[in-house]
Protein chains: 2
Amino acid sequence: MNIKSNNTIKPSQLTGQVIEHLQSAISAGEYAIGSKLSAEPLLMKELGVGRSTLREAIRVLAHNGMLEVRQGDGTYVRALPSHKEPLAQRLRRARIREVNEVRRTLELEIVRLAAKRREETDLERMRGFLRMRHDALSGNDAAAALDADISFHCAVANAAGNEVLADLYRTFAFTLREALAALWTADDGKGSQTADLHDKLLAAIETHDASQAVATTTAMLDIHGATLSVMEKE
Amino acid sequence: MNIKSNNTIKPSQLTGQVIEHLQSAISAGEYAIGSKLSAEPLLMKELGVGRSTLREAIRVLAHNGMLEVRQGDGTYVRALPSHKEPLAQRLRRARIREVNEVRRTLELEIVRLAAKRREETDLERMRGFLRMRHDALSGNDAAAALDADISFHCAVANAAGNEVLADLYRTFAFTLREALAALWTADDGKGSQTADLHDKLLAAIETHDASQAVATTTAMLDIHGATLSVMEKE
DNA sequence: TTCATCATATCATCAGATGTTTTATGGATT
DNA sequence: AATCCATAAAACATCTGATGATATGATGAA
């Protein structure tokens with residue numbers, strides 16, 4: 001089975017052809033889940049490609065979780081191409097209530113950790129975004145205020161000292177931005193209403209007061225949460 | 001610059017370290033979007049790795065849309081890692097401690113919600129998996145016991161009535177399976193040690209006792225958490 | 001100016017060699 | 001006979017060199 005025999009005009013991107021071939025072979029069931037692929041030298045002959053080309057293709061599929069390469073043992077088929085959906089895409093087709101519920105959970109844990117682990121540089125960034133938020137509200141620039149608000153909360157997430165948590169929160173915040181924008185324009189009193197709560201949150205993080213940070217955030221989320229769940233209804 | 005220390009879930013590969021390094025360098029803004037990466041020979045010297053290793057890493061990132069490789073021209077940064085990368089893939093290059101910390105947060109919220117919202121069908125599924133878990137432990141089949149354990153916790157996640165939360169938890173549990181397997185084989189007493197806690201958790205969910213469910217889960221996570229953080233050290 | 005040609009830089013691919021890890025084989029010991 | 005340990009074999013990991021293919025910019029002529 002030589003890949004290059006049935007190819008198109010372009011001999012370039014040979015690695016891509018090997019990737020597609022292996023993917024379709026796995027999908028077609030030529031390789032069962034859990035079965036072992038042929039060893040590299042044999043696969044080289046079967047596919048008619050060099051070692052580098054084959055290894056780059058296998059590495060891509062392994063990094064995507066489709067294959068598992070075990071040094072000294074072999075290469076095994078692990079899964080079909082199912083878990084490949086990006087989180088942002090998954091959230092976009094979810095209910096706002098559910099996304100917000102998880103975001104609330106993440107946010108509470110974030111402020112708790114941030115109060116414990118924040119560094120001085122984190123605090124400076126937070127102060128800057130809070131100032132931007134205040135200035136934007138004074139100038140009646142709702143969009144800028146929302147951006148500053150999100151940036152502030154992302155800065156808090158960064159201060160939590162957990163990159164996975166921060167990444168997760170950023171994705172949630174970005175997804176919810178649309179809904180939040182509608183919320184802020186629907187009642188721009190909310191922005192200034194939570195201004196003092198933001199100040200209190202920053203103060204709690206500054207003084208390492210985790211319980212106060214959680215309490216303040218709970219109050220903050222409740223104000224917005226009520227409106228969000230109303231939006232969901234219709 | 002030489003890449004060395006790791007602590008990722010899948011650490012045994014130089015290529016994986018190069019992938020992680022490039023991703024974080026792009027995230028940190030060392031390479032702006034649209035900018036051109038150094039040429040292969042230069043990057044080899046900068047990272048202290050050979051050409052095959054570097055090329056395999058670049059190929060993975062290119063296939064994920066993060067980089068664009070143009071023959072005869074160069075390699076360009078096309079997108080930030082965050083929003084395009086599947087979550088399972090993101091977790092695979094994260095620190096065990098961070099993944100487990102977030103998983104703990106999700107799990108506590110899950111049992112709280114499950115105690116409130118569980119249906120009768122949820123309870124039946126949980127009982128079934130708990131029985132499988134018990135039988136596997138009696139038969140000294142650690143792998144089957146771990147699978148049943150994970151299935152049980154996923155069933156609890158389903159009972160929380162939030163598909164986003166359940167999806168998220170499944171991905172975390174699947175990623176941590178490897179580490180958990182090492183944990184269970186290292187000390188198979190842990191499996192039976194937490195058996196009664198699982199029963200108590202199920203009882204708490206049955207009786208809608210959210211606070212008891214959270215307390216029981218906290219105890220459960222603490223037992224495993226200690227061992228996991230020890231694993232991280234070396 | 002415009003266009004064809006060429007030189008150079010860069011990636012694509014192949015091939016060989018050596019190191020590291022896992023697994024299986026056999027023999028030795030009890 | 002069962003267990004344990006050392007060794008060999010298999011398979012992937014990595015490095016290096018060499019050659020081909022492609023894009024870009026320089027060069028020079030019409």
Side-chain angles (χ1 to χ4, degrees), chain A residues 2-5 7-22 31 34-78, chain B residues 1-4 6 8-22 31 34-78 92-93 143 178 181-182 185 234:
Chain A
N2 192 321
I3 289 189
K4 285 185 283 191
S5 58
N7 71 352
T8 57
I9 308 98
K10 276 188 152 185
S12 178
Q13 280 299 85
L14 192 53
T15 303
Q17 294 181 24
V18 176
I19 292 175
E20 283 187 18
H21 176 266
L22 289 177
Y31 292 106
S35 67
K36 184 155 73 170
L37 255 59
S38 311
E40 282 179 357
L42 187 56
L43 262 185
M44 285 168 57
K45 288 174 192 165
E46 289 179 5
L47 302 178
V49 299
R51 181 189 287 277
S52 328
T53 305
L54 176 62
R55 280 187 55 81
E56 286 178 18
I58 289 179
R59 179 77 69 179
V60 167
L61 297 179
H63 196 261
N64 285 343
M66 210 164 309
L67 299 178
E68 180 185 359
V69 184
R70 311 206 309 206
Q71 181 177 355
D73 186 3
T75 302
Y76 295 83
V77 180
R78 290 287 291 181
Chain B
M1 168 194 311
N2 198 336
I3 308 179
K4 192 190 71 71
N6 203 311
T8 63
I9 289 193
K10 209 174 170 185
S12 63
Q13 252 136 332
L14 196 51
T15 302
Q17 296 182 29
V18 175
I19 292 174
E20 183 187 357
H21 176 267
L22 289 177
Y31 291 106
S35 66
K36 185 154 74 169
L37 254 59
S38 311
E40 281 179 359
L42 187 55
L43 262 185
M44 286 167 57
K45 288 177 196 162
E46 288 180 4
L47 301 178
V49 300
R51 181 163 52 248
S52 3
T53 304
L54 176 61
R55 281 186 55 80
E56 286 178 17
I58 288 179
R59 179 75 72 178
V60 167
L61 297 180
H63 195 262
N64 287 342
M66 211 165 306
L67 299 178
E68 180 185 357
V69 184
R70 309 201 326 204
Q71 182 178 180
D73 185 4
T75 303
Y76 296 83
V77 180
R78 278 296 167 240
R92 219 171 297 129
R93 63 179 174 85
E178 210 174 308
T185 55
E234 39 91 11

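Sequence lines set the chain letters: A, B, ... in the order given, protein chains first and strands last, and positions in each chain run from 1.
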A.B. asks: Hey, mind stepping through A:N64 and B:N64 against side-chain contact (heavy atoms from CB on, under 4.5 Å) and telling me if it holds?
C.D. replies: CA-CA 9 Å; A:N64 285 343; B:N64 287 342; 3.5 Å; yes
A.B. asks: Are the side chains of B:S52 and A:R55 in contact, using a 4.5 Å heavy-atom criterion?
C.D. replies: no
A.B. asks: So what does B:S52 hit on the nucleic acid, given a heavy-atom distance under 4.0 Å: a base, only sugar-phosphate, or nothing?
C.D. replies: base
A.B. asks: Around B:R78, counting heavy atoms of other residues, nucleotides and ligands shown, do more than 12 lie under 6.0 Å from its CZ?
C.D. replies: yes
A.B. asks: Can you tell me the distance, in whole Å, between the CG atom of A:L37 and the P atom of D:dA10?
C.D. replies: 19 Å
A.B. asks: Provide, to the nearest angstrom, the distance between the CG atom belonging to A:L14 and the P atom belonging to C:dA15.
C.D. replies: 12 Å
A.B. asks: With A:L22, which of A:T75, A:V60, A:L61, A:V77 fulfils side-chain contact (heavy atoms from CB on, under 4.5 Å)?
C.D. replies: A:L61
A.B. asks: Starting from P on D:dT24, measure out to OH on B:Y76 and report it in whole angstrom.
C.D. replies: 7 Å
A.B. asks: If you find the nucleotide of DNA chain C closest to B:P41 and the one closest to A:M44, which residue's nucleotide is nearer the 5' end?
C.D. replies: B:P41
A.B. asks: What is the distance, to the nearest angstrom, from the CG atom on B:L54 to the C1' atom on C:dC11?
C.D. replies: 11 Å
A.B. asks: Specify the separation, in whole Å, of atom CZ of B:R59 and atom P of D:dT14.
C.D. replies: 17 Å
A.B. asks: If you restrict it to nitrogen or oxygen atoms, what contacts under 3.5 Å exist between nucleotides 4-10 of chain C and the protein, and what is each distance?
C.D. replies:
residue : atom : partner : partner atom : Å
C:dT10  : O2   : B:G72   : N            : 3.2

A.B. asks: Nearest whole angstrom, please: distance from the C1' of C:dC14 to the NZ of A:K45.
C.D. replies: 15 Å
A.B. asks: Report the distance from atom CG of B:L43 to atom P of D:dT14, rounded to the nearest whole Å.
C.D. replies: 17 Å
A.B. asks: Taking only the side-chain nitrogens and oxygens of A:R51, find out if one of them lies under 4.0 Å from OP1 or OP2 of C:dT13.
C.D. replies: no
A.B. asks: Rounded to the nearest 0.5 Å, how far does OH of B:Y76 lie from CG of B:L37?
C.D. replies: 10.5 Å
A.B. asks: List the atom of B:T15, the atom of B:A57, and the distance in Å for their closest heavy-atom pair.
C.D. replies: CG2-N, 3.7 Å
A.B. asks: Expressed in angstrom and rounded to an integer, what is the separation of B:E56 atom CD from C:dC14 atom P?
C.D. replies: 14 Å
A.B. asks: If you only use heavy atoms from C-beta on, which nucleotide in C:dA15, D:dT14, D:dG17 is closest to the side chain of B:T15?
C.D. replies: D:dT14
A.B. asks: Output the distance between atom OG1 (B:T53) and atom CG (B:L43), rounded to the nearest 0.5 Å.
C.D. replies: 12.5 Å
A.B. asks: Taking OP1 and OP2 of D:dA13, is either one under 4.0 Å from a side-chain nitrogen or oxygen of B:R55?
C.D. replies: no
A.B. asks: Is the shortest side-chain heavy-atom distance between B:D73 and B:K36 below 4.5 Å?
C.D. replies: yes
A.B. asks: Identify each atom pair where a protein N or O and an N or O of nucleotides 4-8 of chain D are less than 3.5 Å apart, giving names and distance.
C.D. replies:
none

A.B. asks: Looking at A:V49, A:I19, A:L47, which one forms a side-chain contact (heavy atoms from CB on, under 4.5 Å) with A:L14?
C.D. replies: A:V49
